[in-house]
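Letters go in sequence order (proteins before strands), and every chain restarts at 1. What you see is a predicted model, and the numbers here were worked out from it, not measured in a lab. The analysis underlying the following values was restricted to heavy atoms, covering all of them including side chains, and did not include hydrogens, waters or symmetry mates.
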Amino acid sequence: MDQRWGLCDDGHATETSLLQTETEDSVFELLSQWQDPQATSRITLTRSLHVQFLRKGLVGLSRGFVSLDASKPWILFWILQALDLLNEVLTPEEQERAVDTLNRCQDDHKGGFGGGPGQEPHLATTYAAVHALAVVGSDEAFDCIDRKKLYSWMMSLKQPNGSFIMHHGGEVDVRASYCVASVCRLLNLLTPSLTDNMGSFIASCQTYEGGIGAFPGVEGHGGYTFCGIAAIEILQETDLLNMRTLTHWAVSRQMELEGGFQGRTNKLVDGCYSFWMGGLFPILDAIASRSDGNPGWPNDSAAFKNLMNRDALQEYVLICCQAPKGGLRDKPGKHPDYYHSCYCLSGLSIAQHNYSWSLELQDFVLSPNTLIVGDATNELPATHPVHNIRMEYVDRIRSYFQ
Amino acid sequence: MDFETIFADILPIPADEGPNPMSPIAYPAEYTQAMDYFRACARAGETSQRVLDLTAAIIELNPAHYTVWKVRQECLVALSSDLRIELEYATAVGMEHHKNYQVWHHREIVVTLIGLDTQVIANEKKYINNQFEIDCKNYHAWSYRQWLVRKFNAWDQELDDINKLLVQDCRNNSAWNHRYFYFTNRPEGFSKEDLEEEIQFCLQHVRKTPNNESPWNYLKGIVKKPEVTPELLDSLVQDVKNLIKENEFVVHGAAFLLDILESNIAKEVDDTKKEEVSMEAKKLCNELIKFDIIRIKFWNYRLSLLK
């Protein structure tokens with residue numbers, strides 16, 4: 001790297017620019033070791049270390065995890081999705097255990113899944129549970145879901161303005177819309193009553209910057225933008241969003257030096273945005289190919305094809321997010337965890353594959369050519385840009401509930 | 001908390017995690033005990049002072065236990081508890097756990113129950129500002145602030161607080177976002193004079209820190225307002241062009257101009273003028289391709305639209 005890219009603070013340092021420079025320094029330290037193109041081809045995903053890290057989590061978690069006691073389905077989703085992307089197969093006994101654990105989080109009375117047995121059902125943990133069950137993919141996994149109760153519980157969370165609260169007595173935000181849309185698409189529960197006004201609420205969360213915030217007025221943010229656009233894509237109401245400002249905002253979140261994504265303007269890179277932001281791009285492609293958006297891009301946007309820098313994103317994940325002892329992390333200096341392992345790998349998968357929208361199948365499909373940075377064995381199976389489970393798992397569960 | 005004495009009449013209910021749970025957590029003994037009593041009380045539908053105290057004990061160990069927060073809220077209502085004291089409790093928890101959804105949502109619920117009270121609202125803003133001292137971009141804090149301001153029409157102090165934060169750090173995008181929220185939602189609205197002032201405010205910022213994306217995004221947002229006359233826009237465009245000339249190149253400035261040129265091309269009827277503006281836009285694209293390499297595909301796409 002003859003010229004160091006990155007932040008220019010215009011001679012006026014502030015806390016933001018100081019933190020950014022600090023991050024760039026620690027990232028550059030690692031990236032600069034791989035500058036030689038020959039070296040880059042040898043970057044390896046240290047699969048077995050990550051598998052070890054993840055499998056330990058399935059066996060048991062230390063007392064520090066008490067703060068995640070209301071997130072058991074998430075823990076399972078993060079670990080099972082990450083293991084699946086690493087092509088790890090669960091034993092039949094493990095599958096049974098996973099299904100039993102998730103099933104016990106289901107509320108017998110109201111429907112939906114809570115953070116643990118006996119806990120209030122919550123849309124986020126419901127999303128995690130259903131998607132984890134979809135990864136397991138056995139008939140038992142599918143059969144344990146009480147679809148009828150789940151549907152009526154979700155309807156009870158619906159607000160007049162098209163939004164949803166996360167649980168009875170809980171907060172409203174755009175994550176809820178995504179949890180409802182993604183779960184219901186997989187389980188064939190989307191109805192006009194459920195989806196009425198959903199799109200217009202999501203659209204009202206788009207900010208002047210082009211990203212989507214948690215609710216109307218709040219700052220555009222990678223996590224909420226993914227939720228908003230994935231939900232609105234499922235609803236096929238993408239004509240409600242300004243695709244021009246959204247696209248510009250999205251590409252602007254990729255960090256010049258680090259190659260990974262930040263979640264908001266003037267914030268730091270974080271490995272998890274590899275998926276929340278990276279996952280937007282196949283969806284943006286689909287929208288462009290259909291000429292949706294208000295305004296959208298002109299007709300015949302064939303040239304609009306995966307506008308992020310896929311190489312840079314993969315390099316960030318592979319070079320900066322792999323913890324030496326296993327697991328993946330936010331950025332150098334941070335500890336690995338299951339959440340970041342899941343989303344770094346999911347983002348890596350997105351960046352490696354070529355997605356396009358099939359009008360015929362009304363879903364995303366894959367082209368055979370991939371873009372694999374580093375060793376060829378780094379290739380992960382393709383995760384679905386909207387649901388974030390393997391493409392074929394989406395078909396599998398949807399067919400089951402047809 | 002001495003559970004055995006306080007809950008002597010209650011039979012605790014152990015967790016039903018199954019014979020061989022996946023990812024079992026090695027709960028601390030005090031958590032297990034508290035949760036066993038909580039389960040029993042929740043099943044019995046008990047809302048009482050002792051249950052309120054029990055929720056605090058659990059929250060101390062797991063502040064993300066939203067089911068427990070929900071029961072706490074039910075107890076507060078049932079007991080007609082002093083809600084202003086409850087806010088002090090929420091503050092104690094919130095200052096330990098700045099990014100926890102439940103503690104912020106709890107504030108919202110409690111403040112809603114209290115209703116309109118200027119002292120409470122002033123205290124809430126003080127609390128939010130204290131949180132900003134720890135993390136001036138705390139998403140929950142900003143979201144809560146917007147909720148508070150909207151709910152109680154509490155627009156005073158907003159611009160002052162935003163300006164203080166921008167003086168501290170002109171790159172605080174959350175503060176810029178709140179500024180947009182303020183001007184576009186406050187009852188007196190956003191007049192043409194306000195707009196002109198805001199444009200000048202942005203220009204001051206981008207002249208000082210041209211590579212700071214926040215004021216550029218804000219500017220892009222406000223020039224879409226109907227009050228922006230063609231004259232105002234032309235003058236602004238000229239200022240931006242001068243700025244780009246004075247610096248080697250300003251990526252955000254060029255991107256800003258490109259958007260305006262594109263919309264001018266769309267509106268232009270004269271073919272010669274159209275071609276002229278197109279040439280200018282293409283030149284900008286080519287420069288962006290050269291200077292903003294990570295986004296090369298995007299700028300190439302924008303160039304392709306001009307052909």
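You'll find the side chain of B/F298 stays beyond 4.5 Å of the side chain of A/Q254, heavy atoms only. At a threshold of 4.5 Å between non-hydrogen side-chain atoms, the residues B/K220 and A/H248 count as touching. With contacts defined as side-chain heavy-atom distances shorter than 4.5 Å, the pair A/W297/B/L305 qualifies. Contact of the A/S67 side chain with the B/H65 side chain is not registered, since no non-hydrogen atoms from C-beta on lie closer than 4.5 Å. Contact of the B/Y66 side chain with the A/Q119 side chain is registered, since non-hydrogen atoms from C-beta on lie closer than 4.5 Å. A/R104 has its side chain out of reach of B/E17: every pair of non-hydrogen atoms, C-beta onward, lies at least 4.5 Å apart. Side-chain contact between A/R244 and B/R302 is absent, with no heavy-atom pair separated by less than 4.5 Å. Taking the side chain as every heavy atom from C-beta outward, A/D9 and B/R171 approach each other to under 4.5 Å.
For residues 132-145 of chain B, the interface with chain A (any heavy-atom pair closer than 4.5 Å) comprises B/K137, B/Y139, B/S143, sorted by residue number. Annotation: residues 204-215 of chain B contacts chain A through B/K208, B/T209, B/P210, B/N211, B/N212, B/E213, B/S214 [non-hydrogen atoms, separation under 4.5 Å].
Other residues, nucleotides and ligands contribute more than 12 heavy atoms inside 6.0 Å of the CD atom of B/E108. The neighbour count for B/E60 CD, taken as heavy atoms of other residues, nucleotides or ligands under 6.0 Å away, does not exceed 12.
Listed here is the closest heavy atom pair of B/N172 and A/T16: N-OG1, 4.5 Å. Summarising the geometry of B/A64 relative to A/A70, their closest heavy-atom pair is O-CB, 3.6 Å, with the distance given to 0.1 Å. For the pair A/E219 and B/N177, the tightest heavy-atom approach, listed with the atom from each and the gap, is N-ND2, 3.2 Å.
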Item to check | Residues A/R63, B/Y27; criterion side chain to side chain contact (heavy atoms under 4.5 Å, CB included); working and verdict | outcome: CA-CA 5 Å; A/R63 60 182 276 153; B/Y27 302 114; over 6 Å; no
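The choice from A/G210, A/G213, A/P117 that makes the most heavy-atom pairs within less than 4.5 Å of chain B is A/P117. No other option in A/E256, A/E15, A/H122 has as many heavy-atom pairs under 4.5 Å with chain B as A/H122. Contact count versus chain A (heavy atoms, under 4.5 Å) is highest, among B/Q73, B/R150, B/K224, for B/R150. No other option in B/P63, B/P21, B/G221 has as many heavy-atom pairs under 4.5 Å with chain A as B/P21. Contact tally against chain B (heavy-atom pairs below 4.5 Å) for A/V218, A/N309, A/L102: the top residue is A/V218. Interface check for chain B: of the options A/A13, A/P216, A/G220, the most heavy-atom pairs under 4.5 Å are formed by A/P216. With chain B as the partner, the residue from A/G259, A/C105, A/A98, A/G170 showing the most heavy-atom pairs under 4.5 Å is A/G170. Here B/I25 is the residue among B/T67, B/N100, B/I25 with the most heavy-atom pairs under 4.5 Å with chain A. Options A/H168, A/R175, A/E94, A/M255 differ in how many heavy-atom pairs under 4.5 Å they form with chain B, and the most are formed by A/R175.
Proximity to chain B (any heavy atom under 4.5 Å) is shown, for A/M166, by neither the backbone nor the side chain. For B/I109, the part lying under 4.5 angstrom from a heavy atom of chain A is the side chain only. With a threshold of 4.5 angstrom between heavy atoms, A/L58 approaches chain B through its backbone and through its side chain. When heavy atoms are compared at a cutoff of 4.5 Å, A/I79 approaches chain B solely by way of its side chain, counted from C-beta outward. Both the backbone and the side chain of A/V251 come within less than 4.5 Å of a heavy atom in chain B. Looking at A/K56, there are no atoms closer than 4.5 Å to chain B (heavy atoms on both sides), in backbone or side chain. In this structure, no portion of A/N103 lies under 4.5 Å from any heavy atom of chain B. Using a 4.5 Å cut-off between heavy atoms, A/F281 does not touch chain B at all. Heavy atoms closer than 4.5 Å to chain B are found in the side chain of A/A312, but not in its backbone. No part of A/S71 comes within reach of chain B, as not one of its non-hydrogen atoms sits under 4.5 angstrom from that chain. Residue B/W216: no heavy atom, backbone or side chain, is found under 4.5 Å from chain A.
The main-chain N or O of A/G217 is never found under 3.5 Å from a side-chain atom of B/H178 such that the two would form a donor-acceptor pair. Not one N or O on the side chain of B/D169 forms a donor-acceptor pair closer than 3.5 Å with the backbone of A/T14.
Applying the salt bridge (Lys or Arg N to Asp or Glu O under 4.0 Å) test to B/D36 and every residue at least two apart in sequence or in another chain returns B/R39.
Once rounded to the nearest 0.5 Å, the distance linking NE2 of B/H252 with OG of A/S252 reads 7.5 Å. Taking OG from B/S23 and OH from A/Y338, the interatomic distance works out to 7.5 Å, rounded to the nearest 0.5 Å. In this structure, the separation between NZ on B/K70 and CD on A/E120 is 4.0 Å, given to the nearest 0.5 Å. Residue A/W5 holds its CH2 atom at 10.5 Å from CD1 of B/I294, rounded to the nearest 0.5 Å. To the nearest 0.5 Å, atoms CE (B/M22) and CG (A/L80) are separated by 6.0 Å. To the nearest 0.5 Å, the span separating CE on A/M308 from NZ on B/K297 amounts to 7.5 Å.
Remark: the A/D69 side chain and the B/Y31 side chain contain an N/O donor-acceptor pair separated by less than 3.5 Å. Side-chain contact check for A/E93 and B/N20: at least one donor-acceptor pair (N or O, by modelled atom type) lies under 3.5 Å.
Sorted by first and then second residue, the pairs that involve residues 207-217 of chain A and meet side-chain hydrogen bond (donor to acceptor under 3.5 Å, both in side chains), not counting sequence neighbours, are A/E209-A/T265, A/E209-B/N173, A/E209-B/N217.
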